[in-house]
Amino acid sequence: MLLISCPNCGSRDETEFHYGGQAHVPYPENPNELTDREWAEYLFYRDNTKGTFAERWLHSTGCRQWFNMLRDTVTYDIQAIYPMGTPRPDKAGTPTADTGTASTAADSTTTGTAAPSTSSTPSLSRTTAPEGATK
């Protein structure tokens, strides 16, 4: 059983997460210009790496945020966890030169680095009960 460290929630059991496949697969710039074979390769062809592999994960029962993980597929050793849209780090956890990050297009669903802003959300750490509240 894996203990995965969510960047937003901390360490949690792997049963709280869903695997999302290979990370850093860029969306085609002009998908309408692709042949059926090229589109099928984009949708279904992924690397099958033995060793260090960049993966996408979703904390489905927690914060519901996507993040990337660098994991050894042989030993299950988690080498790095990093936000979506950031470059893949090397084995030491240092970000490397861009080797294919997620699309930064406005309509992309793979962009973003953190949870949505909560600046307009009222604070949940209220110290006094609201007017009219009872115990």
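Just so you know, these numbers come straight off a predicted model, no measurement behind them. Residue indices begin at 1 and follow the sequence shown.
In summary, of the residues considered (Glu16, Arg64, Arg12), a side-chain hydrogen bond (donor to acceptor under 3.5 Å, both in side chains) with His59 occurs for Glu16 alone.
The shortest heavy-atom contact between Lys50 and Thr73 is CA-OG1, 3.6 Å. Scanning all heavy atoms of the two residues, the minimum distance from Asn68 to Gly85 falls at ND2-N, 4.5 Å. Of all the heavy atoms in Ile81 and Ile78, the pair that sits closest is CG1-CG2, 3.9 Å. Nearest heavy atom pair, residue Leu2 against residue Tyr76, reads CD2-O, 3.6 Å. Arg56 and Gln22 get closest at one heavy-atom pair: CD-O, 3.7 Å.
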### Task
Tell me, with the steps shown, if Asp47 and Phe53 meet side chain to side chain contact (heavy atoms under 4.5 Å, CB included).
CA-CA 9 Å; Asp47 294 338; Phe53 190 62; 3.9 Å; yes
### Task
Check step by step if side chain to side chain contact (heavy atoms under 4.5 Å, CB included) holds for Arg71 and Thr52.
CA-CA 5 Å; Arg71 183 178 65 92; Thr52 303; over 6 Å; no
### Query
What's the verdict on side chain to side chain contact (heavy atoms under 4.5 Å, CB included) for Trp57 and Ile4, showing C-alpha distance, side-chain angles and the deciding distance?
CA-CA 10 Å; Trp57 285 81; Ile4 298 174; 4.0 Å; yes
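When atom types are taken as modelled, the side chain of Asn30 and the backbone of Glu33 share no donor-acceptor pair closer than 3.5 angstrom. When atom types are taken as modelled, the side chain of Thr75 and the backbone of Asp77 share a donor-acceptor pair closer than 3.5 angstrom.
Classified by interplanar angle (parallel below 30°, tilted 30° to 60°, perpendicular above 60°), the ring pair His24/Tyr82 is parallel.
With rounding to the nearest 0.5 angstrom, the CZ atom of Arg88 is 5.0 Å from the CG atom of Leu70. Distance check, rounded to the nearest 0.5 Å: CG of Leu43 to CG of Leu34 gives 9.5 Å.
Within 6.0 Å of the OH atom in Tyr19, the count of heavy atoms belonging to other residues, nucleotides or ligands exceeds 12.
In the hydrophobic clustering, Met1 connects to no other residue, as no ILVMFWY side-chain heavy atoms lie under 4.5 Å from its own.
You'll find the side chain of Cys6 reaches within 4.5 Å of the side chain of Cys63, heavy atoms only.
With sequence neighbours excluded, no residue satisfies side-chain hydrogen bond (donor to acceptor under 3.5 Å, both in side chains) with Ser5. When the side chain to side chain contact (heavy atoms under 4.5 Å, CB included) test is applied to Tyr42, the partners found at least two apart in sequence or on another chain are Val25, Tyr27, Pro28, Trp39.
Asp13 and Thr15 form a side-chain donor-acceptor contact under 3.5 Å, judged by distance and modelled atom types alone. When only modelled atom types and interatomic distance are considered, Asn8 and Gln65 share no side-chain donor-acceptor pair under 3.5 Å.
No chain of hydrophobic side-chain contacts below 4.5 Å, direct or via other Ile, Leu, Val, Met, Phe, Trp or Tyr residues, connects Leu58 to Met69.
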